[in-house]
2 protein chains.
Amino acid sequence: MHPPILEGNLAQPVIRRLNAMRQLSERGIALLQQAIQDGLHRARPGEDLATEGDPVDSVRIILSGWLCRYKTLADGRRQIVNFVLPGDSCDACVYLLSVMDHSIGALTPVTYADIKRPAFEQLLASDRSLEEALWCETMVSSAIQREWTVNIGRRVALERVAHLLCELYERLLPIGMIDGDSCLFPVTQMDLADATGLSVVHVNRTLQELRGSGLIVLRDRMLTINDLKLLKDTALFSADYLHTKRHG
Amino acid sequence: MHPPILEGNLAQPVIRRLNAMRQLSERGIALLQQAIQDGLHRARPGEDLATEGDPVDSVRIILSGWLCRYKTLADGRRQIVNFVLPGDSCDACVYLLSVMDHSIGALTPVTYADIKRPAFEQLLASDRSLEEALWCETMVSSAIQREWTVNIGRRVALERVAHLLCELYERLLPIGMIDGDSCLFPVTQMDLADATGLSVVHVNRTLQELRGSGLIVLRDRMLTINDLKLLKDTALFSADYLHTKRHG
DNA sequence: CGGTTAATTGACGTGAGTCAATCTCCGTGG
DNA sequence: CCACGGAGATTGACTCACGTCAATTAACCG
């Protein structure tokens with residue numbers, strides 16, 4: 001059903017991302033690449049990689065594509081709680097808990113590696129740099145989650161949307177997905193609404209305001225940030241919480 | 001300055017909490033108790049245990065008292081992103097990142113154990129059950145953070161405040177801090193506002209509504225939940241995300 | 001060319017914020 | 001014993017950012 005997966009080096013974004021956290025050893029990289037090769041999968045847009053309530057027994061590392069983590073209330077209200085980008089891992093450790101407390105849906109076609117728990121534990125145990133890098137990634141993901149709470153709780157709509165765009169820009173940058181000041185942006189206004197806690201209508205108007213000030217161009221799934229500095233100021237954005245800087 | 005700390009068994013809430021995640025071994029408990037004894041500290045209400053931007057080099061395990069994690073925007077807006085209760089650990093692993101991305105403030109007098117990184121790593125390495133339990137605790141904390149995003153993003157004020165009360169109730173229960181249907185509740189309306197993304201005035205009115213429906217009594221730092229079932233229904237609350245059930 | 005999903009607009013309603021005054025505790029000092 | 005001050009809780013009046021509803025347009029796809 002799926003075509004064979006044979007692109008040049010699928011593990012590239014993962015390695016770049018983890019390397020930004022901790023210098024990976026040659027050995028660690030090799031082990032990781034092997035594990036990824038052994039568990040390649042694909043998902044289609046709209047497909048759920050995991051659903052709230054599902055048992056968890058493996059870790060997924062995203063190689064290409066965009067996804068989102070989301071939760072749904074009984075009456076249908078939906079909140080996207082995070083985006084998942086290439087190089088991110090889904091639940092590097094949620095498997096310590098038995099059950100998913102949220103769902104993970106693909107926004108685009110997605111390639112990922114599914115690593116079963118035993119293989120994953122072996123991987124962690126076999127290389128220290130890899131273990132630390134993966135834990136770091138998990139910690140950063142928590143930090144992002146905290147910032148989202150702040151974003152939704154204390155920023156007004158314009159700041160809020162601007163902040164989300166800044167975050168995505170900063171996260172796409174280190175994995176080589178920013179071209180100049182532009183990037184693919186496969187997020188519908190409905191997704192943006194569910195991610196920011198706003199209504200679709202208001203997101204639409206907010207985007208128009210950002211466009212109107214010449215800060216961004218967003219059309220045809222392509223985002224261009226004309227004035228990053230000003231966008232960050234608008235959003236009260238500081239990248240510190242992304243912990244991108246390598247540390248000693 | 002501080003009186004000596006010699007209460008009966010300070011480590012009790014920690015052990016209860018971790019045991020709810022993973023059955024701790026005798027050995028693990030002993031090691032943990034020793035580590036806690038070696039690093040006892042106190043903090044006073046209003047004091048910050050850590051401040052955004054601080055370097056991190058130790059783990060703090062809370063033995064008694066309430067704290068909150070919070071972030072502040074440049075113009076003073078504040079968002080509490082989580083409460084920290086006895087048995088919780090502060091950043092069991094944020095120390096993998098070099099710098100705090102948020103602050104941690106004491107709401108009440110607090111007793112905690114400060115365990116330096118080397119001692120903490122040794123602790124984790126020496127007992128498997130302890131290591132897993134502490135990672136679980138970290139994962140649950142992430143799950144809570146996600147639920148807060150949903151709470152603030154998609155629930156209306158009444159649901160939102162009710163949800164927070166339900167969560168705190170469920171978290172206080174396993175550490176023995178619920179007496180009947182009541183508990184100490186040292187959280188001001190200003191704190192509640194900063195935790196729910198509402199204004200103080202609106203929190204006040206929302207509490208009155210909850211009181212008016214006979215769901216809760218809240219006065220003199222004492223919270224009584226008269227009708228937990230109904231409060232949960234009001235909040236669209238499900239405790240699943242707290243992953244309290246032990247698993248096999 | 002229909003059918004669908006996403007984006008956009010306008011009109012209107014409202015939940016929640018802001019401002020500002022008042023009230024209630026408390027602890028402190030004279 | 002009481003004036004004073006400060007923190008927290010409470011109220012009322014008013015405002016507005018954002019939501020809802022509903023219709024229209026644009027883009028895409030077989």
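Chain A is the first sequence line, chain B the second, and so forth, proteins listed ahead of strands; every chain is numbered from 1.
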Would you say [X] reaches [N]'s phosphate, i.e. side-chain N/O to OP1/OP2 under 4.0 Å?
X: A:Gln189; N: C:dT5; value: no
X: B:Asn204; N: D:dA9; value: no
X: B:Gln208; N: D:dA9; value: no
X: B:Arg221; N: D:dA9; value: yes

Looking for any heavy atom pair under 4.0 Å, which part of the strands does [X] touch: base, sugar-phosphate only, or nothing?
X: A:Arg160; result: nothing
X: A:Gly46; result: nothing
X: A:Thr188; result: sugar-phosphate
X: A:Val156; result: sugar-phosphate

Whole-Å distance separating the [atom1] atom of [X] from the [atom2] atom of [N]:
X: B:Leu210; N: D:dT10; atom1: CG; atom2: P; value: 12 Å
X: A:Leu158; N: D:dA17; atom1: CG; atom2: P; value: 12 Å
X: B:Leu198; N: D:dT10; atom1: CG; atom2: P; value: 16 Å
X: B:Glu159; N: C:dG15; atom1: CD; atom2: C1'; value: 12 Å
X: B:Met222; N: D:dG8; atom1: CE; atom2: P; value: 19 Å
X: B:Ile152; N: C:dG15; atom1: CD1; atom2: P; value: 20 Å
X: B:Met190; N: D:dG8; atom1: CE; atom2: P; value: 7 Å
X: B:Arg211; N: D:dT10; atom1: CZ; atom2: C1'; value: 10 Å

Aromatic ring pairing B:Phe185/B:Trp66, orientation class (parallel under 30°, perpendicular over 60°, tilted between) = perpendicular
Main-chain N/O of B:Asn151 paired to A:Gln79 side chain as donor or acceptor, under 3.5 Å | no
Distance-only, no hydrogens or angles: does the A:Thr206 side chain make a donor-acceptor pair with backbone N or O of A:Leu158 under 3.5 Å?
-> no
Report yes or no: do B:Gln208 and B:Asn204 form a side-chain donor-acceptor pair below 3.5 Å?
-> yes
Does B:Arg205 make a side-chain donor-acceptor contact with the base of C:dG15, cut-off 3.5 Å?
-> no
Can you tell which of D:dT20, C:dC19, C:dG17 lies closest to the side chain of A:Val201?
-> D:dT20
The answer to which of B:Leu207 and B:Arg154 contacts DNA chain D further toward the 5' end, by nearest nucleotide, is B:Leu207
Taking the nucleotide of DNA chain D with the closest heavy atom to each, which residue, B:Leu218 or A:Arg155, is nearer the 5' end?
-> B:Leu218
For the student: nearest non-hydrogen atoms of B:Val99 and A:His243, plus distance = O-CE1, 3.1 Å
